[in-house]
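Just so it is clear: chains get the letters A, B, ... in the order the sequence lines come, proteins before strands, and each one is counted from 1.
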2 protein chains.
Amino acid sequence: MNKKKVSLKDIAEKAQVSTALVSYVLNGKEKESRVGHEIAVKIKQIAKELNYQPNYLAKSLRSGKTQTIGLIIADISNPFFANIARIVEDEAKKNGYTVIIGSSDEKAEKSWALITVFLNRQVDGFIIVSSENSEEQIEYLIEKNVAFVLLDRHFPDIPTHFVSLNSYKAAFDAGVHLIQGGYKNIGLIAYKSQLFHMQERIRGYRESLAESGIVFHPAWLKEVGFDTIDEEIKVGIDEMLASEFPVDALIFATYRLAITGLKYINALGLKVPDDLAIVSFGQAEVFDLYYCPITYVQQPMEELGKTAVEILIHQLKEPHDEKRQTLMEAQLMARDSSRPKAAIS
Amino acid sequence: MNKKKVSLKDIAEKAQVSTALVSYVLNGKEKESRVGHEIAVKIKQIAKELNYQPNYLAKSLRSGKTQTIGLIIADISNPFFANIARIVEDEAKKNGYTVIIGSSDEKAEKSWALITVFLNRQVDGFIIVSSENSEEQIEYLIEKNVAFVLLDRHFPDIPTHFVSLNSYKAAFDAGVHLIQGGYKNIGLIAYKSQLFHMQERIRGYRESLAESGIVFHPAWLKEVGFDTIDEEIKVGIDEMLASEFPVDALIFATYRLAITGLKYINALGLKVPDDLAIVSFGQAEVFDLYYCPITYVQQPMEELGKTAVEILIHQLKEPHDEKRQTLMEAQLMARDSSRPKAAIS
DNA sequence: AATGTATGTTTAATCGATTAAACAAAAAAC
DNA sequence: GTTTTTTGTTTAATCGATTAAACATACATT
C-alpha cells in the first residue's frame with residue numbers, strides 16, 4: 001500500500017554504514033555496542049528525517065514476541081464485556097501491548113477457533129472469558145505453555161491464573177438483602193450452564209434462603225439457555241408468578257438476563273418493586289435510568305481488567321511463578337428496585 | 001512460550017524434502033509446481049501429525065499483507081461503537097481478516113497515536129471513526145497510500161471512501177416528527193464539534209423548525225464539550241427550561257448525550273413526555289426500558305459496519321477504483337417519549 | 001545418438017529487523 | 001617496536017515462510 005516504507009537498510013545506505021549500526025543506535029544500544037558518537041548522531045538524524053518507523057512484523061519474527069494480547073470474551077457488543085475490553089485495552093497500551101479482541105458468543109467452538117487464529121498470529125498471551133465446556137482448550141494452552149489468565153470465570157479443578165468475582169458471596173448477599181427487605185419468595189434467573197461462576201451464583205442464592213430458614217421451591221429457579229433467553233425468560237417468569245408460591249422478588253444472574261427479563265416484566269405491566277423486587281448482577285446505565293433504579297451487584301470492573309492484564313504481563317516475564325488466583329468481592333448497591341417491603345404499603 | 005513451534009522446516013526434515021515442496025503442498029500449489037503425488041500425500045500427513053500451524057508473522061513479512069484491519073473508534077465501551085465493532089469483527093472474520101480495535105476518546109492525538117501503532121503493526125487498512133481536527137491524519141493516510149474507510153463521520157472536503165448516516169435528514173425528520181406532534185419549543189443538545197455529521201444534525205434540526213415557520217431561539221441549542229458533558233448538560237437543560245421560551249421537547253444528537261441528559265431529567269423529576277418530549281439519535285436497550293420508551297433515530301448499524309468492511313476489502317484488491325461514498329438513511333422509530341401532545345391532556 | 005520436453009526437486013534470495021562474532025584500525029602497554 | 005587492549009564497524013546467521021530460477025532426471029522425438 002504505502003508508497004515505500006523506510007527500512008533500516010534505507011537509513012544505513014544514506015548514512016553509509018551497515019544496518020547493524022543503525023539498529024544499535026535506534027535501540028539505544030550505542031553505548032554497549034560502542035558506536036561512534038558522530039555516526040550515532042547522524043543516524044538518529046537521518047532516521048528522523050525519513051520518519052523511520054520500525055516494522056514490527058520483522059521485529060516480532062526475530063524476537064518471538066509480538067507485544068500483542070489476545071482477549072477472548074463472550075460478546076463485545078455486551079456492555080459488560082465492552083467495559084472490560086476498554087479497561088484491558090488501556091492497561092495493555094500502558095505496558096506497550098496491543099489487544100486483539102474476539103467474541104466467542106459463549107460457544108466453545110468459536111472460542112477454539114479464536115485461540116487458533118490468535119496463536120497463529122503469535123499473540124504473546126491470552127486473557128480469556130471462558131465458555132462452557134472449554135476445559136479442553138485451557139488444558140491445551142497449559143500443555144503448550146502459552147501464557148494466559150482466565151477472567152470473570154474459572155475452572156476450580158484446573159490450576160490456572162484467574163481473576164474472577166466471588167460469585168457465591170455476591171449472590172448470597174443479594175439474597176440476604178432481599179430477605180432483610182421482607183421478601184420471602186425469591187426467584188433466581190440464571191443461565192443453564194455448568195460454568196463454575198454460574199453454579200456459584202445459584203449456590204449463593206440457595207444458601208441465603210436456607211440460612212434464613214426459607215424453604216426453596218424449585219419453581220423459583222430458572223436456568224435459561226444462552227441462545228433461547230427471550231422465550232425461556234418469558235416462560236420462566238410466567239411460571240414463577242403462577243407457581244404455588246409466587247415470587248415477590250427476582251434476582252438476575254447477569255446483565256443480559258436482567259435486560260431481557262425487565263423488558264418482559266414491563267410488558268406484563270408489573271410494577272417494580274411493588275409487584276416484584278429486582279436485584280441484578282452486572283451494572284449499566286440502564287439500571288440508573290429505569291423508572292425504578294435497579295439494585296445491582298457491583299463488580300469491580302476496573303480492578304478485574306487491570307489485574308488480569310497485570311497478571312498476564314507478569315507471567316510473560318516470569319513464566320514459572322506460582323499461579324495467581326484472585327477472587328474479588330462485589331458490592332451490593334441497594335436502590336429502589338429492592339426497597340424494603342415495609343416501606344411500601 | 002510454546003514448547004516448540006512446528007515450522008515448515010520441521011516438516012521438511014521429517015519428510016526428507018526441501019521446505020519449498022512443503023510450502024507448495026500446504027498452499028495447494030502442488031499442481032502448478034508439479035509436486036510428486038506420493039510426496040505430497042506424505043507431506044500433508046506429516047503436517048497433520050505434527051499439527052502444523054503456519055506462522056503468520058513470517059507469512060506477512062514476506063507477503064506484505066497481514067490480513068489485519070485497524071478499527072479506530074471513539075470508545076469501545078460506548079454501546080454504539082461496541083455494536084459497530086462487533087459487526088465489523090464478524091464481517092472481517094468472514095473475509096479472513098482480524099481486527100485490532102483502538103479507542104480514541106474523540107481525541108485527535110490519541111487517534112494519531114493509534115494510527116502510528118497500527119501502521120507499525122502493518123495493518124492492511126483502516127476503518128476510522130474520525131475525531132475532530134483529524135483531517136491531517138486523513139491526508140497523511142492518503143499521501144502514504146494507505147487503504148481506509150471513514151465510518152459514521154466524514155470530511156466533505158476530503159475525497160475519501162466513507163459510510164455515514166445522512167445526519168441532516170435524520171435530524172430534520174426528528175424535528176418534523178416533534179412538530180407534527182404539536183411540540184413548538186424544541187431544543188437540541190449536540191456536541192460542541194466541528195465534525196460534519198454534528199453540524200449536519202444541527203442544520204437538519206434548524207431547518208425543520210424553519211420549514212414550519214417556527215422561530216429558533218438560541219437558548220434551544222446547546223453544544224457541550226466531550227469532556228464536560230455531565231456539567232454542561234445540566235446547565236444546558238436548566239437554561240433551556242428557564243429561557244423565555246421554555247422547551248417542551250428535546251432532541252439528543254447522540255446516544256451518550258441522551259443517557260446523560262435523561263439522568264438529569266429524571267433527577268429533576270420531569271415526566272417524559274408530559275413535561276418534556278424526547279427524541280434521540282443512536283439506539284440502545286436503555287431506550288426500551290425507560291419508563292417511557294424513547295423515540296430514536298435508528299441507524300442501520302449492520303449495514304454501516306458491513307459496508308465499511310466491504311469497501312475496505314474491495315479497496316485492498318483494487319486500490320485505484322473510485323471512491324465509494326455512502327450516505328445511509330436513518331429511520332425514525334416513534335415511541336412514547338414523543339407521543340403527540342394532543343393525546344396527553 | 002542427439003536433442004527436446006516433461007516432470008520432480010532443490011537452491012537461494014527475499015521480507016526487515018537483531019545480534020554474536022569477526023575484523024580492522026588506533027591507542028596503550030611493555 | 002612488538003604485543004595487547006580499546007574502540008569502532010561490518011559480516012553473516014537468524015526468525016519462518018514464499019517463490020523464481022536452477023538443476024536434475026526421465027521420457028519422447030527426430
Side-chain angles (χ1 to χ4, degrees), chain A residues 1-2 4-44 46-47 50-68 119-124, chain B residues 1-2 4-44 46-47 50-68 119-124:
Chain A
M1 262 301 71
N2 320 19
K4 46 194 167 197
K5 282 288 285 183
V6 177
S7 72
L8 268 197
K9 211 162 132 193
D10 298 323
I11 300 182
E13 275 165 17
K14 197 147 191 169
Q16 312 251 52
V17 294
S18 70
T19 61
L21 278 198
V22 182
S23 173
Y24 290 138
V25 171
L26 297 183
N27 286 301
K29 305 218 177 118
E30 36 180 309
K31 287 276 136 53
E32 298 104 291
S33 311
R34 39 188 208 287
V35 179
H37 182 65
E38 280 148 59
I39 206 73
V41 170
K42 186 171 171 194
I43 286 171
K44 279 185 203 152
I46 293 178
L50 300 183
N51 186 29
Y52 168 73
Q53 301 288 145
N55 181 328
Y56 273 79
L57 288 182
K59 262 183 141 83
S60 297
L61 179 59
R62 185 75 221 276
S63 68
K65 312 241 157 289
T66 51
Q67 298 286 113
T68 302
L119 276 180
N120 290 352
R121 288 176 179 263
Q122 316 294 122
V123 296
D124 291 342
Chain B
M1 261 301 73
N2 320 17
K4 46 194 164 192
K5 280 289 286 183
V6 178
S7 73
L8 268 197
K9 210 161 133 193
D10 298 323
I11 300 181
E13 274 165 19
K14 196 146 192 171
Q16 312 250 52
V17 295
S18 69
T19 61
L21 277 198
V22 181
S23 173
Y24 290 139
V25 171
L26 296 183
N27 286 300
K29 304 219 177 120
E30 36 181 310
K31 287 277 134 55
E32 299 103 291
S33 310
R34 38 185 209 285
V35 179
H37 182 66
E38 279 148 59
I39 206 73
V41 171
K42 187 172 172 193
I43 287 170
K44 279 184 203 154
I46 294 178
L50 301 182
N51 184 30
Y52 169 72
Q53 301 287 144
N55 181 328
Y56 274 80
L57 288 182
K59 262 183 139 82
S60 296
L61 179 57
R62 183 73 221 275
S63 68
K65 312 240 156 289
T66 50
Q67 298 288 113
T68 303
L119 276 180
N120 290 353
R121 287 176 181 263
Q122 315 295 123
V123 296
D124 291 342

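- For the atom pair NZ (A:K5) and CG (A:N51), the distance works out to 8.5 Å, reported to the nearest 0.5 Å.
- Scanning both residues, B:Q122 and A:Y56, for their nearest heavy atoms gives OE1-N, 4.4 Å.
- Position along DNA chain C of the nearest nucleotide to A:R34 versus B:G36 favours B:G36 as the more 5'-ward residue.
- The main-chain N or O of B:V35 is never found under 3.5 Å from a side-chain atom of B:S33 such that the two would form a donor-acceptor pair.
- If you take CG of A:L61 and P of C:dG16, they are 12 Å apart, rounded to a whole angstrom.
- In the set D:dT11, D:dT19, C:dA17, D:dT19 carries the atom at the smallest distance from any side-chain atom of B:A20.
- For the pair B:L21 CG and C:dT7 C1', the computed distance is 12 Å after rounding to whole Å.
- Atom C1' of nucleotide D:dC15 and atom NZ of A:K59 are separated by 14 Å, given to the nearest angstrom.
- Between B:V25 and B:I39 the shortest side-chain heavy-atom distance does not fall below 4.5 Å.
- For the segment residues 22-31 of chain B, the set of residues with a heavy atom within less than 4.0 Å of an atom of DNA chain D comprises B:S23, B:Y24, B:N27, B:K29, in numerical order.
- Pairing each heavy atom of A:D124 with each of A:Q67, the nearest pair is OD2-N, 2.7 Å.
- Between B:L8 atom CG and D:dT19 atom P the separation is 12 Å, expressed in whole Å.
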Tabulate below the donor-acceptor pairs under 3.5 Å that side-chain atoms of residues 8-16 of chain B make, not counting sequence neighbours, or state none.
unit_1	atom_1	unit_2	atom_2	d
B:D10	OD2	B:S7	N	2.7
B:D10	OD2	B:S7	OG	3.4

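- Of the candidate nucleotides D:dT11, C:dA17, C:dT10, C:dA17 has the atom lying nearest to any side-chain atom of A:A58.
- In this structure, B:Y52 reaches the D:dA17 phosphate: one of its side-chain N or O atoms is under 4.0 Å from OP1 or OP2.
- The CD1-C1' distance, from A:I11 to C:dA17, rounds to 12 Å in whole Å.
- For B:S18, the side chain to side chain contact (heavy atoms under 4.5 Å, CB included) partners two or more places apart in sequence, or in a different chain, are B:A20, B:L21.
- Applying the salt bridge (Lys or Arg N to Asp or Glu O under 4.0 Å) test to every pair with at least one member in residues 28-37 of chain B, sequence neighbours left out, gives these pairs: B:E30-B:K44.
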Check: protein-nucleotides 25-28 of chain D nitrogen or oxygen pairs below 3.5 Å:
none

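- Contact annotation for B:L57: no contact, since no heavy-atom pair falls under 4.0 Å across all strands.
- Computed from coordinates, the A:K5 NZ to C:dA17 C1' distance equals 13 Å when rounded to whole Å.
- Residue contacts for B:S60: at a heavy-atom cut-off of 4.0 Å it reaches no nucleic acid atom on any strand shown.
- The closest side-chain heavy-atom distance from B:N120 to A:K59 is not below 4.5 Å.
- The CD-P distance, from A:E38 to D:dT9, rounds to 9 Å in whole Å.
- A:S7 comes within 4.0 angstrom of the backbone, heavy atoms only, and of no base.
- Not counting sequence neighbours, the partners of B:S60 by the side chain to side chain contact (heavy atoms under 4.5 Å, CB included) test are A:L57, B:T66.
- As rounded to whole Å, 13 Å separates atom P of C:dG8 from atom CD1 of B:I43.
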